[in-house]
Novice: 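Following this message is one structure expressed as structure tokens.
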Protein chains: 2
Amino acid sequence: MANIYDIAKLANVSAATVSRALANNEKISAASRERIQKIAEELGYRPNLVARNLRQKSSLMIGLILDDVSDELSGFIARGVEDEARKNGFSVLLWNIQHELESEVAALDFFTNLKLDGVILADTTLNAVEEFPHLKMPTVLINRTGSDEESIHNVLTDDYAGGYDATTYLLNLNHTKIAFINGPFDWHASAKRLNGYYDALKDHHVEPREEFVKHGDWYEESGYKLAKELLLLEDRPTAIFASSDMIAIGVMDAARELGLSIPDDISIMGYDNRIIAKYARPRLTTISLPLYEVGMMAAKTLCEIIQNQAHKDKQVNLLVKGNVIERETTKAIQVDSGID
Amino acid sequence: MANIYDIAKLANVSAATVSRALANNEKISAASRERIQKIAEELGYRPNLVARNLRQKSSLMIGLILDDVSDELSGFIARGVEDEARKNGFSVLLWNIQHELESEVAALDFFTNLKLDGVILADTTLNAVEEFPHLKMPTVLINRTGSDEESIHNVLTDDYAGGYDATTYLLNLNHTKIAFINGPFDWHASAKRLNGYYDALKDHHVEPREEFVKHGDWYEESGYKLAKELLLLEDRPTAIFASSDMIAIGVMDAARELGLSIPDDISIMGYDNRIIAKYARPRLTTISLPLYEVGMMAAKTLCEIIQNQAHKDKQVNLLVKGNVIERETTKAIQVDSGID
DNA sequence: TTGTAGGCGTTATCAC
DNA sequence: GTGATAACGCCTACAA
């Protein structure tokens, strides 16, 4: 594999001149530049990036640590990060940690030693950042709060807005008996969505009912079970807002089993806008989780830090909102015209 | 950031001794080794992998080129590759090309220049390998045939077996009128699955019917449309085998619309075992696409090549089979006991 | 067991 | 504009 010395020899110049010619920007005569570039091409020269990185102390690579790329949602983060990084001239080194703290520490170790220019940590519930004092490179966290460090920036999905918007959407369809099947109550996202739910009710002067709020896990069995409880109440809800699409699928199962028609007898709303929402029958109305955008914003922020030394003075905290994706599981309630 | 010279100074030894002590395996006195390691720890020393890679001409990294990680199926390839690579001490550098030949060439360029130890190309329909004569590193292709080069190995899903097994499964449920809605006929996978379908019929002495075989694209609209044609035939099929789960969803829509009960009036079988198959109602019987395994096998093969110089003499060609995933859309037909 | 010295391939700093 | 030369941090013959 040819190096710049091989080229230098053939071109009768020094390696330094070759380097300049190939870098394409220094003071060098057009004649030599073209001659040298031509020789480089003929030799099939390819720059050794390892040597370059060693010399320049920069790799044009960022690391992305996430739990599991094969998860549909994480995949969007990965795409968002990579698309934006690539646009800024960076490549992305990926590391799945699969719930293992050890693996997260190993990833940070590796990235540090490889002299990556920065790192994005997505969705991990662990605290490797705190446990990794060597973390000197620019860092952006996705969907993970809790660091007070000014130098560690955050990009989050706006779960409060999601809860608020979903509930408002149902309220605008004239529903007032709106139940909420939330995820585990100790999750940050759950708490935020619940606040959004309550605030939307309050802003529409609807009294919240204790028996209409349930906490389960994120999966369909939980949705099925809790929906049954809700639908068997004497004064049952006319709409159920589920904090994940999988929960919503369970809710649909329960409704069908009780002979309720969706959306005529019961409106159902999901959260996440997973592929299953589009393929459910009827198609599931839901709130999109803007993870592609979150990934992009995180990468954008990181690249800005690396390139411009921006955001040096204060911590970045971005919230990215999702949207209501209208499909077939929600329907307006006819209200009396109110003349009496 | 401390380097081995800083440690050497403090330990009153040479840098070479430090290097040996930290490498942990050379002939070195236990006393110095421990002393040096202790000092390294105190200094918070971290080896510079860029320098090491430059020196050793090896990076312990492999590249993975695929179309789009955020696609559910590609995600499994990525996970399989990474899990297996990690097990062998390698990290994975990911590059999404999104149908762009330019990007694929750029990826190979970058990987080559970064001195990665090997590369896996997944699912890409382009021919960057042929157009990239510089590709000197070990290469494994996933779901892409066509290179005669002995040094370029292949791992493929066994689409013939998938078509054969799906059809056989339906035949064993006593179906004989089995239609097949395939993907585009110019796809390699389509051709293989069709062969499997025909051979299974032949092995069970069932005459294939021309009107029972349709080609569409991979999506649900196509499945819906073609299923309607099939189900409105005078002598309609009792089972429809769809070459993708999305097609199968369209088939289910068509059946429901015609008032046919699934699986009582019509059995439906998908392909891919996407998440939507599990969440469809009724739950969709399908053939799994073993992409996680394919990713693992590809990484395993690549690591063996890198580490042991194995597979040097002949091209590796692996086929990985999926399985029938039994769910709720298929049902046996009652047959007459045949006494007459 | 340890030290010396050279080299991996590039870029940057000086001179000229 | 161009050429020496050093430096990035590490590893490894070879010598001692």
Novice: Strictly below 4.0 Å: does A/Lys115 bring a side-chain N or O up to OP1 or OP2 of D/dC8?
Specialist: no
Novice: What is the separation between atom CG on A/Leu60 and atom C1' on C/dT10, rounded to the nearest whole Å?
Specialist: 14 Å
Novice: Less than 4.0 angstrom between a side-chain N/O of B/Thr17 and OP1 or OP2 of C/dT1, yes or no?
Specialist: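 False: B/Thr17 side-chain N/O out of range (4.0 Å or more) of C/dT1 OP1/OP2.
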Novice: Whether A/Ser19 contacts C/dG9 is assessed here as follows: a side-chain N or O lying under 4.0 Å from the phosphate OP1 or OP2. Is that the case?
Specialist: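 No, outside the criterion.
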Novice: Which label fits B/Trp95 and B/Phe111: parallel for a plane angle under 30°, tilted from 30 to 60°, or perpendicular past 60°?
Specialist: perpendicular
Novice: Can you find a side chain N or O atom of B/Tyr45 that sits less than 4.0 Å from OP1 or OP2 on D/dC10?
Specialist: yes
Novice: Between the base of D/dG3 and the side chain of A/Arg20, is there any donor-acceptor pair under 3.5 Å?
Specialist: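 In this structure, the two groups form a donor-acceptor pair.
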Novice: Can you tell me if A/Lys192 has over 12 outside heavy atoms packed within less than 6.0 Å of its NZ?
Specialist: no
Novice: What I want to find out is whether B/Glu104 reaches B/Arg144 closely enough, with some N-O distance under 4.0 Å, to be called a salt bridge.
Specialist: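 The answer is yes: the pair qualifies as a salt bridge.
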Novice: A/Ile36 has an atom CD1; how far is it from atom P of C/dT10, in whole Å?
Specialist: 14 Å
Novice: Round to a whole Å and report the spacing from CG of B/Leu54 to P of C/dG7.
Specialist: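 Atom-to-atom, B/Leu54 to C/dG7, this comes out as 14 Å.
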Novice: With DNA chain C as reference, determine whether A/Leu49 or B/Arg35 sits nearer its 5' end, using the nearest nucleotide of each.
Specialist: B/Arg35
Novice: State which of C/dG9, C/dT4, D/dT2 makes the closest approach to the side chain of B/Ala16.
Specialist: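 When the side chain of B/Ala16 is considered, C/dT4 is the closest of C/dG9, C/dT4, D/dT2.
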Novice: Does A/Gln56 put a side-chain nitrogen or oxygen below 4.0 Å from OP1 or OP2 of D/dC8?
Specialist: no
Novice: Among C/dG9, C/dA12, D/dT2, which is the nearest nucleotide to the side chain of A/Ser32?
Specialist: D/dT2
Novice: Check this for me: does any side-chain nitrogen of one of A/Glu84 and A/Lys87 sit under 4.0 Å from a carboxylate oxygen of the other?
Specialist: yes
Novice: Quick one: which of D/dA6, D/dA4, D/dC10 gets closest to the side chain of A/Arg55?
Specialist: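 Nearest nucleotide to the side chain: D/dA6.
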Novice: Atom CD1 of A/Ile4 to atom P of C/dT11: distance rounded to whole Å?
Specialist: 6 Å
Novice: Counting only side-chain N and O atoms of B/Arg52, is one of them less than 4.0 Å from OP1 or OP2 of D/dC11?
Specialist: yes
Novice: Check the distance between C/dT10's P and A/Tyr5's OH and give it to me in whole angstrom.
Specialist: 9 Å
Novice: When you get a sec, tell me which of D/dC8, D/dG3, D/dT2 is the closest nucleotide to the side chain of A/Val13?
Specialist: D/dG3
Novice: Ignoring hydrogens and geometry, is there a side-chain-to-backbone donor-acceptor pair from A/Ser59 to A/Lys115 under 3.5 Å?
Specialist: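 Yes, the answer is positive, given that a donor and an acceptor are paired below the 3.5 Å cut-off.
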